[in-house]
Every structure is written in C-alpha cells, then in structure tokens.
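Read the structure below first, then the notes.
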Amino acid sequence: MEILDGKKISNQIKDEIAAEVAKMKENGEKVPHLAAIIVGNDGASLTYVGSKVRSCKRVGFESTLVQMPSTTSEVELLKKIKELNKNTDIDGFIVQLPLPDQIDTQKVIMAIDPDKDVDGFHPTNFGKMALDMSTFIPATPFGILELLERYGVETQGKHTVVIGRSHIVGRPMSILMGRKGFPGNSTVTLTHSRTKNITQITSQADIIISALGVPKFLKAEMVKDDVVIIDVGITRVPDDTKEKGYYITGDVDFEHVSKKASYITPVPGGVGPMTIAMLMKNTLLARERHRSRK
Ligand code: NAP
C-alpha cells in the first residue's frame, strides 16, 4: 500500500508556482492577486480561508481578504462581487461556501466574472470543463487529478466509483474521470444517498472517490483488494480530549481499508492540501490569461 501524500505533492506544486512568481518579479511583472470573500464566522470556513491566504504568501501572490458579517444581505454581497469583478488588480477571487441562509448561493456564483472564477463553479466554466475545453477546474477535483497523475495511478479502463454528487466535488469528479485522456478514460459510476446496494457497487470498484461527509462510511468489507482510495471527506468530530475540542476524520475507515488498498489518501494530509495548491494554480492561470489579453 502506498500513501498518496497530498501534503508532500501540494508543497511541490507550491514550490513550482513560487518559482514562476519569482520569474514574474524578476521581469518586473505584476504578481497574481487572489481575493477571498467570507461571510460570517463559521469556524471551518475561517480555517480554510486562513490557509488560502497563508498559501498566497507562501507562493508570493498578493491576497485580499474581505470579511463580511453573517447578517450581510444578498444585495450587499452581490455589490461586493461586482466591485471585485471590476477591480483590474485582482486576477481571481472566491466566495467561501457555505453562505448564510438569507443568501442564494447559485445567484452568487452566477454573479462572479467567469474569467475570475478560480473556484471553477460558474456554469460557463463548469460547461467548458464538461466539454473538455480549457478552463478553471474546481480545485478539489483538480487536486485529485493531479495526485493521480503525479503518482502515475492507472485510470484507463478502470471502474471508478464516486460517492456523492455535490456540484463542487462528486459531480465534476465523475465527469473528469470519464473524460478522454489521463487521468481519465475510466468507466464511472456516480452514487449518492438514493443509491441502492452501494456495497455491491463499491466492491467492484478499482478506484473509489468518496465525498459524502460521513465519518468512516467506507469500510473494509465494502472494497476489493488493491483498490485505489481517494478520501475527500473532512468531518470535525467533537472530542474533549483534543486541544481544539475536535478531531478531523475522513469518509473512510482508514485503519482497515488501507490494509486492502494499493493507494490511499490520508485525512488530514491528502486531498485537503491539494485543494489549496490547485486554487493557487488556478490563480496563476488567471493571471497568465489576463496578461495575454492585454
Ligand atoms: P455535500 O454537498 O454535503 O453532498 C454530500 C453528497 O453525499 C450528496 O450527493 C449526498 O447524496 C451524498 N450522500 C450522503 N449520504 C450518503 C450515503 N449514505 N450514501 C451515499 N451517498 C451519500 O458534499 P461536499 O460538499 O462534496 O462534501 C463532501 C465531504 O467532502 C465533506 O466532508 C466536506 O467537508 C468534504 N470536502 C473536502 C474538501 C477538501 O478539500 N478535502 C473539499 C470539499 C468538500 P444526495 O445528493 O442524494 O443528498
């Protein structure tokens, strides 16, 4: 069994990006600038945004954090998005999800300029991805592709089972794994909460990408020998014995499933750090596109 070490690979990717940025600086060019909007003070969201800002620093990007109160109205948020769309200094921006109930997430995503949508959530970018066109691939699926590629995990002709059909992970992942090319050329089954006999399906899978958010959902008896496991799940489980009052766990019963797997991602240290590295990559891409248009 080999660990797909997202922490290590994400650091390599950040080093590569930092080298590109250093070259830009040497040439007197403007460096990429990422902005993030966060509405409210959800603990996990603040942690994610915090690490995105730290990663910008690490690779030499400029970053701007826009913090808005949890009482922010949809109109106020849309106004802020318009400002960022118009701000020529900003190459890309994200709106950290989830948003408070009074705000329609779909409306917000639609308001982002697709050329600055480094999360790849806008329908224009999602459509381009589905049509094999060059675009911003959502960071988590992009990170998973990159991990598979850098470890040389064979995907062609394999049966990939994706668990979860969210717009940000499961659905795009199912499209990407079925695309022509590498990583891709898989035969994909997309499963969700209405899937019947899921064990029958997962036990036939060569590759399982689990993104449902149920701790230790995937057990050893649900998988076959030599399966490749990508665990996207991140759940905070309350635990008073921990300093933070919780511990982080994935969707996979790592202790037992890892004994049968050929490759497996750990949680933490697998898909999570890759997601942030690919957001940096998309921001670099946004900068390059804006530069080439000028
Ligand atoms: P989500 O929007 O919460 O959707 C969960 C999906 O799982 C839904 O499609 C749901 O089915 C399905 N599901 C729920 N229970 C199921 C069951 N018992 N059997 C089969 N399918 C089931 O998901 P998400 O936003 O993609 O997040 C999933 C997990 O990944 C969370 O733990 C999240 O924190 C984590 N995550 C991690 C990263 C990272 O960077 N590592 C990034 C994003 C998300 P229905 O559609 O039928 O409801």
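As a basis for the values below, the full set of heavy atoms in this structure was taken, side chains included, without hydrogen atoms, waters or symmetry mates. What you are looking at is a predicted structure, and each value in this text was computed from that prediction instead of being measured. We count ligands from 1, going down the list as the structure has it; atoms in each ligand are counted the same way.
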Response to the item:
Distance filter under 4.0 Å, heavy atoms only, around ligand 1 gives T140, I163, G164, R165, S166, I168, V169, H192, S193, I198, A211, L212, G213, F217, V232, G233, I234, V271, G272, T275
Worksheet entry | Carboxylate-amine/guanidinium proximity below 4.0 Å for K219 and D253 | no
Response to the item:
Across all chains, not counting sequence neighbours, the side-chain hydrogen bond (donor to acceptor under 3.5 Å, both in side chains) partners of K216 are none
Worksheet item: Is L131 isolated, or which residues cluster with it under the ILVMFWY side-chain rule of less than 4.5 Å, directly or via members?
Response: M133
Practice prompt. Answer yes or no: does atom NZ of K14 have more than 12 heavy-atom neighbours from other residues, nucleotides or ligands under 6.0 Å?
Written response: yes
Worksheet item: In the hydrophobic clustering (ILVMFWY, side-chain contacts below 4.5 Å, transitive), which residues join M110, or is it alone?
Response: none
Practice prompt. Kindly compute the distance separating CD1 (I209) from CE (M177), expressed to the nearest 0.5 Å.
Written response: 4.5 Å
